[in-house]
Undergrad: 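Here it is: the structure, laid out below.
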Protein chains: 2
Amino acid sequence: MKLVTCVKVFIEKSGNLWISKKLANQKRKKRANLRDVAKAANVSVATVSRVLNSPVTVSEDTRRRVQDVIASLHFVPSAAARAINTGRTRVVGAIVPTLDNAIFSKFLATLEKTLAEHGLSLVVATTKGDPNIEAQKAQGLVDIGAEALIVSGVTHSPDFEKLIELTRLPVIATSCYDKNYHLPTIGYDNAGASRIALDFLLSAGHRKIAVVHGPVKDNDRTLARLSGLKALDQNHTLQTFETNISVQGGCDATQMLLAETTSFSVILCFSDVLALGVLFELQRNRIKVPDEMSLVGIDDLPSSSCTFPEITTVHLPVATMGETTGEAIVEWLDNHVAPKSKLLQAELIVRNSTREFN
Amino acid sequence: MKLVTCVKVFIEKSGNLWISKKLANQKRKKRANLRDVAKAANVSVATVSRVLNSPVTVSEDTRRRVQDVIASLHFVPSAAARAINTGRTRVVGAIVPTLDNAIFSKFLATLEKTLAEHGLSLVVATTKGDPNIEAQKAQGLVDIGAEALIVSGVTHSPDFEKLIELTRLPVIATSCYDKNYHLPTIGYDNAGASRIALDFLLSAGHRKIAVVHGPVKDNDRTLARLSGLKALDQNHTLQTFETNISVQGGCDATQMLLAETTSFSVILCFSDVLALGVLFELQRNRIKVPDEMSLVGIDDLPSSSCTFPEITTVHLPVATMGETTGEAIVEWLDNHVAPKSKLLQAELIVRNSTREFN
DNA sequence: GATCTTGATGAAACTAGTTACATGTGTCAA
DNA sequence: TTGACACATGTAACTAGTTTCATCAAGATC
């Protein structure tokens with residue numbers, strides 16, 4: 001850039017535009033473009049374009065010649081130029097609260113795989129659960145040309161809503177299911193997931209239940225899980241503890257709940273990450289799981305089957321969710337028809353962190 | 001797309017091109033572009049472009065008028081068209097082995113933050129540690145127009161090397177330091193990191209040391225950590241166990257090493273994730289940490305300070321690495337000068353999973 | 001009053017591809 | 001022999017922006 005500018009100044013004084021261009025080009029060793037290739041291969045730009053996009057329509061002979069020139073000139077077609085013409089960037093944006101929780105990386109891994117199979121790239125952005133950051137990141141994704149967005153949950157800022165209305169971008173909300181929401185949702189029933197866990201605990205005889213969950217602010221999934229419990233909790237057997245979704249958060253909540261006058265027989269965590277922290281903090285306090293305290297999670301992270309004791313949890317089908325969401329996006333982009341919301345089943349996985357209470 | 005084609009067929013029969021275009025435009029409710037805005041605001045396209053890029057050069061009056069039109073037409077400038085002209089997509093690609101390990105998500109989080117501060121977007125791709133997948137993903141990133149790449153380590157496939165030579169793309173190798181490598185490296189001394197841990201254990205009197213590490217295939221960082229140990233291990237006090245980098249992998253390795261005839265006094269893990277699995281498997285086998293077995297990790301994940309017992313580990317400065325790498329990329333793109341390799345210091349964090357051995 | 005400078009704006013060329021349409025050639029059936 | 005058709009290819013118009021250069025008016029300087 002600097003160099004080119006220098007040359008320009010010199011040229012403006014000499015007053016010869018042609019020399020200016022030539023020198024500028026010499027200086028910056030411009031990447032070869034379609035025209036360069038066409039010239040060198042003695043064909044039209046259309047033919048080069050055909051070699052790139054539908055090689056079968058070009059004769060064997062010409063094709064080979066063009067391909068040779070492409071290789072020798074190190075020609076790499078410009079994604080931007082292609083996007084401008086086709087109107088397609090083949091980029092899909094996903095916005096998740098965090099990458100720190102393995103539940104999202106698992107989801108993104110299968111999502112990415114599914115999209116890649118259809119020639120789409122996935123761009124990931126994180127929000128820390130803040131709808132305003134979400135709106136910012138969504139704008140950023142639109143700026144780089146994302147053709148569709150995938151978000152978590154149904155709580156979004158007005159800026160975000162405005163953006164998607166304005167751009168009419170395909171958007172799918174995941175990690176939850178709500179067939180009445182104005183965007184298609186693909187996910188599980190969060191109220192149901194926590195209810196599965198509570199059902200299991202109640203029928204095992206537990207009556208003093210501590211619930212450890214992440215921040216409720218701006219988090220519809222956590223709220224749904226809480227509401228799922230409250231519907232079942234006629235006798236007010238539940239006490240809730242809010243904390244950060246991290247191992248440390250689990251430890252913190254455990255300290256809080258152990259300091260209560262009530263003594264609980266089980267701790268129900270809305271996330272396996274929390275359960276991990278709870279488990280460690282219980283160990284630190286020499287409280288045996290499940291003998292002295294039962295423990296249940298939600299998520300079913302891979303690590304939850306390896307802990308000691310192995311954690312009883314509600315399996316959330318995030319891998320399926322990634323695949324289903326990817327396919328839905330592909331169809332939406334291909335057929336311009338918004339997909340229907342899809343409900344995926346959560347499932348109780350009983351392991352060794354729980355016991356009957358009597 | 002389909003609709004437009006239909007219209008076209010009809011028109012070819014009627015033989016009126018003008019109607020064809022008009023209908024096509026009506027049908028697909030084209031997004032407003034610069035020309036539309038210019039026409040509606042009664043200014044030239046140049047002026048609209050100025051309003052977007054250097055508003056101060058446009059008179060108060062005109063600027064407001066154009067901005068009103070932009071708002072009312074829901075005009076969103078095309079990223080592709082902008083990229084084609086400026087030659088800048090403002091997209092940087094990062095290729096990491098996995099998102100499953102928190103060490104990478106932490107790195108990516110600070111990297112993304114740093115790049116965002118300079119108006120750059122980060123696109124993430126994962127490889128499962130396979131150099132061939134890495135080459136594929138790198139090609140994908142180039143295809144979507146990434147201006148620079150960030151990779152892990154120095155082991156790359158010929159295809160990858162060819163790609164970056166061909167495209168002359170700025171590439172930084174992270175998670176390691178090698179000032180003689182042909183790409184700039186920004187990271188820590190892996191051999192040194194494992195040596196810090198071993199030094200500590202040797203001086204605490206440990207002589208029977210089990211080393212648990214991830215796959216060595218295509219992983220220069222693991223190999224470097226191993227070589228770091230072997231240099232110190234004159235008396236062959238080490239025995240190594242290879243496994244997958246996951247909590248389950250840590251469990252598996254522990255089962256293997258417990259089945260050995262040798263009895264170890266400490267287990268040194270090349271990753272905190274492995275240490276977590278080891279810890280659980282030791283618990284499952286009623287082996288007390290650190291009383292009966294010491295345990296050391298490398299990484300210093302946030303969760304390692306919350307476990308019971310808290311895990312002694314070697315802190316790797318991944319947050320700093322993200323920031324430093326981001327700044328280096330920004331400078332490289334701005335000044336077209338490759339940055340120097342940078343060495344970041346690893347540091348021993350002594351917690352409660354280790355004790356003196358005598 | 002003439003010239004210089006500055007500021008605001010527009011026309012048109014430019015970026016790098018795709019694609020509609022036209023053209024020319026060769027093959028085959030009527 | 002001619003018309004129909006497929007095939008290969010070129011021309012030029014398109015995509016949606018940025019940027020250079022030219023223009024013109026208003027105010028400043030000599």
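Lettering of chains follows the sequences in order, A, B, ..., and the numbering in each one begins at 1.
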Undergrad: Quick check against the 3.5 Å criterion: does B:Glu147 have a side-chain atom that pairs as donor or acceptor with the backbone of B:Val92?
TA: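 Judged by distance alone, no pair lies under 3.5 Å.
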Undergrad: Find the distance B:Asn42:CG to C:dG10:P and express it as a whole number of Å.
TA: 8 Å
Undergrad: Any base atoms under 4.0 Å from B:Val66, or only sugar-phosphate, or nothing? Heavy atoms, all strands.
TA: nothing
Undergrad: Is any side-chain N or O of A:Ser59 closer than 4.0 Å to OP1 or OP2 of D:dT9?
TA: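 So the side chain of A:Ser59 is within the cut-off, an N or O lying under 4.0 Å from OP1 or OP2 of D:dT9.
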Undergrad: Round to a whole Å and report the spacing from CZ of B:Arg64 to C1' of C:dT9.
TA: 18 Å
Undergrad: From CG of A:Asn53 over to P of C:dT18, roughly how many Å is that when rounded to an integer?
TA: 4 Å
Undergrad: Over how many whole Å does the gap from B:Ile84 atom CD1 to C:dA13 atom P extend?
TA: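 The distance from CD1 of B:Ile84 to P of C:dA13 comes to 18 Å, rounded to the nearest Å.
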Undergrad: Between D:dT9, D:dT18, C:dA16, which nucleotide gets closest to the side-chain atoms of B:Ser49?
TA: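 Given the options D:dT9, D:dT18, C:dA16, the side chain of B:Ser49 is closest to D:dT18.
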Undergrad: Could you check how far CG of A:Asn85 sits from P of C:dT18, rounded to whole Å?
TA: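 A:Asn85 atom CG is separated from C:dT18 atom P by 7 Å.
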Undergrad: Which nucleotide in the list D:dT15, D:dT18, C:dG17 gets nearest to the side chain of B:Arg82?
TA: D:dT18
Undergrad: Touch check for B:Val76, heavy atoms < 4.0 angstrom, all strands: base, sugar-phosphate only, or nothing?
TA: sugar-phosphate
Undergrad: Separation of B:Leu52 atom CG from C:dT9 atom C1', in whole Å?
TA: 16 Å
Undergrad: Taking the nucleotide of DNA chain D with the closest heavy atom to each, which residue, A:Thr57 or A:Val45, is nearer the 5' end?
TA: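 By nearest-heavy-atom nucleotide position, the 5'-most residue is A:Thr57.
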Undergrad: Testing the basics here: between B:Leu141 and B:Ala94, what is the closest heavy-atom pair and its distance to 0.1 Å?
TA: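 Between these two residues, the closest heavy atoms are CD1-N, 4.4 Å.
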Undergrad: Using the side-chain heavy atoms of B:Arg35, tell me which of these nucleotides is nearest: D:dT19, C:dG17, D:dA16.
TA: D:dA16
Undergrad: Answer with yes or no whether the side chains of B:His74 and A:Glu165 bring together a donor and an acceptor at under 3.5 Å.
TA: no
Undergrad: Could you tell me whether the phosphate oxygens of D:dG10, OP1 or OP2, come under 4.0 Å of any side-chain nitrogen or oxygen in A:Thr47?
TA: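 Indeed, a polar side-chain atom of A:Thr47 lies that close.
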Undergrad: Can you identify which nucleotide, out of C:dA8, D:dC21, C:dT19, has its nearest atom closest to the B:Thr62 side chain?
TA: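 Out of C:dA8, D:dC21, C:dT19, the nucleotide with an atom closest to B:Thr62's side chain is C:dA8.
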Undergrad: Rounded to the nearest angstrom, tell me the gap between atom CD1 in B:Ile70 and atom C1' in D:dA16.
TA: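 From B:Ile70 CD1 to D:dA16 C1': 14 Å.
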Undergrad: Just N and O in the side chain of A:Ser44: are any of them under 4.0 Å from OP1 or OP2 of D:dG10?
TA: yes
Undergrad: For residues B:Gly322 and B:Thr114, report the shortest heavy-atom separation together with the two atoms involved.
TA: O-OG1, 4.1 Å
Undergrad: Tell me which nucleotide among C:dC21, D:dG17, C:dT15 gets nearest to the side chain of B:Ser78.
TA: D:dG17
Undergrad: Are A:Glu327 and A:Lys342 ion-paired here, with the side-chain N under 4.0 Å from a carboxylate O?
TA: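 The answer is no: the pair does not qualify as a salt bridge.
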Undergrad: Return the nearest nucleotide to the side chain of A:Leu34; candidates are D:dT18, D:dT11, C:dG17.
TA: C:dG17
Undergrad: Rounded to the nearest Å, what distance is computed from the CD atom of residue A:Glu60 to the P atom of nucleotide D:dA8?
TA: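 These atoms are roughly 11 Å apart.
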Undergrad: Between the side chain of A:Ser152 and the main-chain N/O of A:Ser175, is any donor-acceptor distance below 3.5 Å?
TA: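 Checking the backbone N and O of A:Ser175 against the side chain of A:Ser152, no donor-acceptor pair under 3.5 Å is found.
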Undergrad: At under 4.0 Å between heavy atoms, what does A:Asp61 touch on the DNA or RNA strands: base, sugar-phosphate, or nothing?
TA: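 If one applies the 4.0 Å heavy-atom cut-off, A:Asp61 turns out to touch nothing in the nucleic acid.
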Undergrad: Please classify the nucleic acid contact of B:Val58 as base, sugar-phosphate, or nothing, using heavy-atom distances under 4.0 Å.
TA: sugar-phosphate
